[in-house]
Amino acid sequence: MASLLYRLGRGAFRHRRAVLAAWLLILTAVVTCVVAFGGSTDDEFSVPGSSAQTAMDSLKKELPSAAGTSAQIVFVAPEGHKITEPRYSKAVNATMAKADKAPQVVGVTDPMQSKVISPDRTAALGQVRYQVSRAGLHDDSLTSLERTTRPAKDAGLTVQVGGSAYGSSKSTGHTKELMGVAVALVVLTITFGSLFAAGMPLLTAITGVAVTLLGLSALTGVLTISSTAPSLASMLGLAVGIDYALFILSRHRSQLATGMDSEESAARATATAGSAVVFAGLTVIIALCGLAVVRIPFLTVMGLGGAGAVLIAVGVSTTLLPALMGFAGERLRPRPGSRAARREQAAHSNGRHGGHGGRRTMGERWGRIAIRRPLLTLLAVLIGLLAVAAPARDLQLALPDNGSAPAGSSQRQAYDTVSEKFGPGFNGPLVVHADISRAADPQAAAAALVKDLKAADGVAAVGKPQVVDHHDAAVIQVIPKTGPSDQKTKDLVQHIRDEAPTWQQQTQAEVSVTGTTAVNIDVSDRLASSLIPFALVVVGLSLLLLMLVFRSVIVPLKASLGFLLSVAATFGAVVTVFQWGWLANALGVAETGPVVSILPILVMAVLFGLAMDYEVFMVSRMREAHVHGAAPREAVLAGSRHVSRVVTAAALIMFAVFASFIPGGSTMLKPIAFALAVGVFIDAFLVRMTLVPAVLALVGRSGWWLPRWLDRLLPDLDIEGERLAADRQKGDADGHGPGLPVAVGAAFREDPR
């Protein structure tokens, strides 16, 4: 791998104009595709093969108006008045008549005629039905519906429009996200000591994000892509794009500070740090692509979109970045006497003298603290992480609804009013589909089913059966007593499904429950059931990959356990904020309650890759020092000395990027961004930079042990480019090629950062 990347880096440096032109051509191509094929995002959730989705698909064929999305219009009379007063009743009738003529509306239910009036007779609830799903609504359809409420408002009624047609809130803009980029620029400037050098990782990362987002926009015309997928891809692409470029560029500047030629340095930085970047990127990509095994389309698309963002970030870092190094030339070399030059020379001097050649870096001092009492450090970190992870036992999962929309939005106000005046179940009605084609008396079968449903525990109301045109099926609306994300609503859905065989025996009617609420419950259940198998796959993958890289048994086991600790602590933090409400106001959390169902599995996939990033960059330097004869503790300090500064900068940048998506994020994206920000912070600073050195110092030389038979079976990935240096020196000595200068080869072995 290192040899291939060496040639790639040198080629990009030499042919920098062609590489730049190629990326500009790619940008032009994706812009053209957006114009030609771009469509709109689709936030509909579906679970192919599930009971609710199968029933929904049948309903779309038999009674499209019942399978489409719907909106609610809530009318509330002024204080001291009743909604049934003639003038208010007339205003409600006029509004519903206008709503019936609104764009894409196929029918309405007038609350004054159907008697959907609150028990205190101060509110009425009208329903507006669409034949299309929420994604099929035109941009102005809901706005036109809201305009039809003018007669009711003119009469003095308070009117709110909500319902499933609105869905959860979307991101409120990207202004606050720019704060993450600003923080990244500050951190990069401090890290490099140069504003010019700091701008290069930002430029390459933004280029990769632009290609990714434009590519996803072009695919919306042919694929179902949720609005969260581009946000997630942007978040990941920006974070890993900056980090990957940071690792390669810092290696380049470190080598330049020791006097290496610019072209040779760019090639070697791409070969060594680039190898780790490719490996780290592949772990993220594999984990995100693994989301496809859950068999939920919108999650698969999110995973593939994020994987595409990471793949493009790797490509940009290993091609466009070396080309920009070529354009920059000597301007990237730290000036003699500058802080950056002194720091690199001190690190190089310490590396030669076992850490006693000069002033110790902050990373080395932290490493010494961690390994001074390794057992004490290990216990302290474990106790702290387990304490943070404890609330994860209360983790509850559900898909977002209008109850988590911003407090001032129309759909949130409608949701709250419906819950207060009618009961929370009216915000998430169930749809029972009964195939009565085999029943001896279809009407009697439907009536018996309605009677049993009314008697079921947890049912607030049951609507009149709506028989389809061919009289082979009936559709019955069931209103639960509890809200859409309440456990009792899930129990009611399961009860209906459990009773279906009994009803079939008694009436010959095949009963299934569907609707938005039931579909969302099935999505959450499948995600929850897939979590443990996915975790086993991810942990198993980490064990195998790290064993390949580090030729060790202890290192992969320690890395996997550290990853699980990070994930558990992250989930615990999510519960305290989004379920318990700690710091909820400060983070703009509109409503506490169950966490979005996709969060655990998605966060595990992303954090796995990011954790492996830091593991590779930290431990590879420790392993290299050990291979060259350093004692176990000195090897640990070598890694802390040379890599901690860059890993710290990378983690701070990634934390800032993820955290910047929290304030303006959608209901679905906000907890995901929070979890990723907290997870990166915990994994980088507590696990990789504290727990890892302590464990390796504690186990000593056993940390690098690998059975001989296993060593022979595993391929050597050569992440640090050791074979590259040896092969090129051999070629130079044999006269078969230009090779590396002897001095450069020695430096490669001694300090291949």
Side-chain angles (χ1 to χ4, degrees), residues 247 250-251 254 272-273 276 280 343 346-382 385 546-547 549-563 565-566 611-651 682-706 719-720 722 749-753:
F247 287 127
S250 64
R251 183 79 61 97
S254 176
T272 53
R343 182 176 59 233
H348 188 68
S349 175
N350 285 343
R352 287 179 176 275
H353 299 93
H356 304 292
R359 182 181 177 184
R360 291 172 180 167
T361 64
M362 180 66 73
E364 182 179 356
R365 290 198 294 271
W366 182 260
R368 287 184 180 277
I369 293 173
I371 69 173
R372 184 175 300 162
R373 298 284 188 273
L375 184 58
L376 182 61
T377 301
L378 177 62
L379 291 175
V381 174
L382 282 176
L385 290 179
L546 291 176
M547 199 174 291
V549 174
F550 297 119
R551 328 298 295 178
S552 165
V553 175
I554 298 295
V555 169
L557 287 173
K558 172 263 307 169
S560 299
L561 292 175
F563 164 69
L565 279 172
S566 298
M612 295 308 104
D613 281 4
Y614 301 135
E615 183 76 14
V616 169
F617 288 113
M618 285 290 296
V619 182
S620 61
R621 187 60 182 86
M622 297 175 186
R623 174 180 176 270
E624 178 210 343
H626 174 73
V627 168
H628 288 93
R633 285 177 175 260
E634 286 303 321
V636 170
L637 292 177
S640 300
R641 179 186 311 124
H642 294 299
V643 186
S644 290
R645 179 176 56 86
V646 178
V647 169
T648 299
I682 290 173
D683 194 84
F685 296 109
L686 294 181
V687 175
R688 307 304 156 189
M689 294 179 63
T690 307
L691 189 66
V692 167
V695 171
L696 290 179
L698 193 63
V699 299
R701 296 187 182 278
S702 300
W704 310 106
W705 172 78
L706 184 71
I719 292 294
E720 284 297 329
E722 295 170 0
R749 294 192 306 274
E750 186 175 291
D751 183 23
R753 289 174 298 120

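Numbers for residues simply follow the sequence, beginning at 1.
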- Message: Whether the side chain of Arg688 engages the backbone of Met618 through a donor-acceptor N/O pair (distance < 3.5 Å, no angle test) should be reported.
- Response: no

- Note on the structure: Rounded to the nearest 0.5 Å, the CD atom of Glu364 sits from the CZ atom of Arg368 at a distance of 4.5 Å

- For Val646, the side-chain contact (heavy atoms from CB on, under 4.5 Å) test, sequence neighbours excluded, returns Leu246, Phe247, Ser250

- Item | Nearest atoms (heavy-atom pairs only) where Ala651 meets Ala684 | CB-CB, 3.5 Å

- Task: Provide the full list of side chain to side chain donor-acceptor pair (under 3.5 Å) pairs with a residue in residues 690-700, sequence neighbours left out, each pair given once.
- Result: Trp366-Thr690

- Item | Gap separating the CG atom of Leu691 from the CG atom of Leu385, nearest 0.5 angstrom | 7.5 Å

- Item | Note, Glu634 side chain near Leu637 side chain (heavy atom, < 4.5 Å) | yes

- Scan for salt bridge (charged side-chain N to carboxylate O under 4.0 Å, His left out) pairs involving residues 553-563, sequence neighbours excluded, and state none if there are none. Lys558-Glu615

- Could I get the full list of side-chain hydrogen bond (donor to acceptor under 3.5 Å, both in side chains) partners for Ser566, not counting sequence neighbours? Asp683

- Task: Considering non-hydrogen atoms only, spot the tightest contact between Ala630 and Ala635 and give its length.
- Result: CB-N, 4.1 Å

- Message: Please enumerate all residues that pass side-chain contact (heavy atoms from CB on, under 4.5 Å) together with Leu698, with sequence neighbours excluded.
- Response: Pro374, Leu375, Leu378

- Item | Audit row: Val555, Leu696, side-chain contact (heavy atoms from CB on, under 4.5 Å) steps and yes/no | CA-CA 8 Å; Val555 169; Leu696 290 179; 4.0 Å; yes

- Under the side-chain contact (heavy atoms from CB on, under 4.5 Å) rule, collect the residues that match up with Ile554, sequence neighbours excluded. Ser552, Val699

- Item | Atom pair OG1/CG of Thr377 and Leu686 - distance to nearest 0.5 Å | 11.5 Å

- Query: In chain order, what residues pass the ring pair (Phe, Tyr, Trp, His ring centres under 6.0 Å) check against Phe563, with sequence neighbours excluded?
  - Reply: Phe608

- Query: With sequence neighbours left out, what residues match Leu561 under side-chain contact (heavy atoms from CB on, under 4.5 Å)?
  - Reply: none

- Hey, does Trp704 have a side-chain heavy atom less than 4.5 Å from the side chain of Met622? yes

- Heavy-atom closest pair, residues Ile371 and Pro693: CG2-O, 3.5 Å

- Taking side-chain hydrogen bond (donor to acceptor under 3.5 Å, both in side chains) as the test, write out the residues that go with Ser560, two or more places apart. Ser542

